[in-house]
Amino acid sequence: MKQAWFKRAGWLYLPIHAMGLIISLGALAFMVPVCMAVIRTGHSVSDELYTIFIYATCTFFWWNWIARKTAI
């Protein structure tokens, strides 16, 4: 039997299982230090946005892929 980790709510996925929550918090825990480091070393707003965009899209892609595969 397939265990559902996320539940689809419109365009979003809400974690309904502990593993879904761990995956979501892990993605957030990865992005917080990345954003802090980029903001600390950035020279302009556009430079920071370009750098954060790369990490944010990759992180969201993998989070979304896991959520789609384990959603009900």
Side-chain angles (χ1 to χ4, degrees):
M1 182 172 163
K2 181 181 172 184
Q3 180 68 39
W5 293 353
F6 292 89
K7 180 180 180 184
R8 187 174 178 123
W11 287 5
L12 301 174
Y13 293 95
L14 301 174
I16 59 171
H17 189 268
M19 282 303 296
L21 185 62
I22 290 170
I23 296 295
S24 299
L25 291 176
L28 184 65
F30 172 74
M31 283 306 298
V32 168
V34 167
C35 291
M36 289 173 51
V38 168
I39 290 170
R40 184 177 55 239
T41 60
H43 300 291
S44 66
V45 174
S46 60
D47 180 38
E48 294 169 3
L49 290 176
Y50 283 132
T51 307
I52 290 173
F53 177 78
I54 295 167
Y55 289 101
T57 54
C58 290
T59 303
F60 178 73
F61 170 80
W62 288 112
W63 178 86
N64 191 33
W65 183 79
I66 293 169
R68 267 188 289 128
K69 295 293 184 183
T70 61
I72 54 173

- Task: Kindly determine whether F6 and R8 satisfy side chain to side chain contact (heavy atoms under 4.5 Å, CB included), including the steps that lead there.
- Result: CA-CA 7 Å; F6 292 89; R8 187 174 178 123; over 6 Å; no

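Note: the hydrophobic cluster containing L49 does not contain F60 (ILVMFWY, side chain heavy atoms under 4.5 Å, direct or indirect links). The hydrophobic clustering, which links ILVMFWY residues whose side-chain heavy atoms are closer than 4.5 Å, places W62 and Y55 apart. With hydrophobic clusters built from ILVMFWY side chains whose heavy atoms lie under 4.5 angstrom apart, F53 does not share a cluster with I39. By the criterion of side-chain heavy atoms lying less than 4.5 angstrom apart, applied directly or through intervening Ile, Leu, Val, Met, Phe, Trp or Tyr residues, I23 is not grouped with L21; the two fall into different hydrophobic clusters.
Atom OH in Y50 sits 10.5 Å away from atom CD1 in I54 (nearest 0.5 Å).
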For residues 27-38, tabulate all N or O donor-acceptor pairs below 3.5 Å that involve a side-chain atom, not counting sequence neighbours.
none

Distance-only criterion, 3.5 Å: show the donor-acceptor pairs between side-chain atoms of residues 63-72 and protein atoms not counting sequence neighbours.
{"unit_1": "W63", "atom_1": "NE1", "unit_2": "S24", "atom_2": "OG", "d": "3.0"}
{"unit_1": "T70", "atom_1": "OG1", "unit_2": "I66", "atom_2": "O", "d": "2.8"}

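Taking all atoms of both residues into account, the shortest heavy-atom contact from D47 to T51 is O-OG1, 2.9 Å.
Applying the side-chain contact (heavy atoms from CB on, under 4.5 Å) test to T41 and every residue at least two apart in sequence or in another chain returns nothing.
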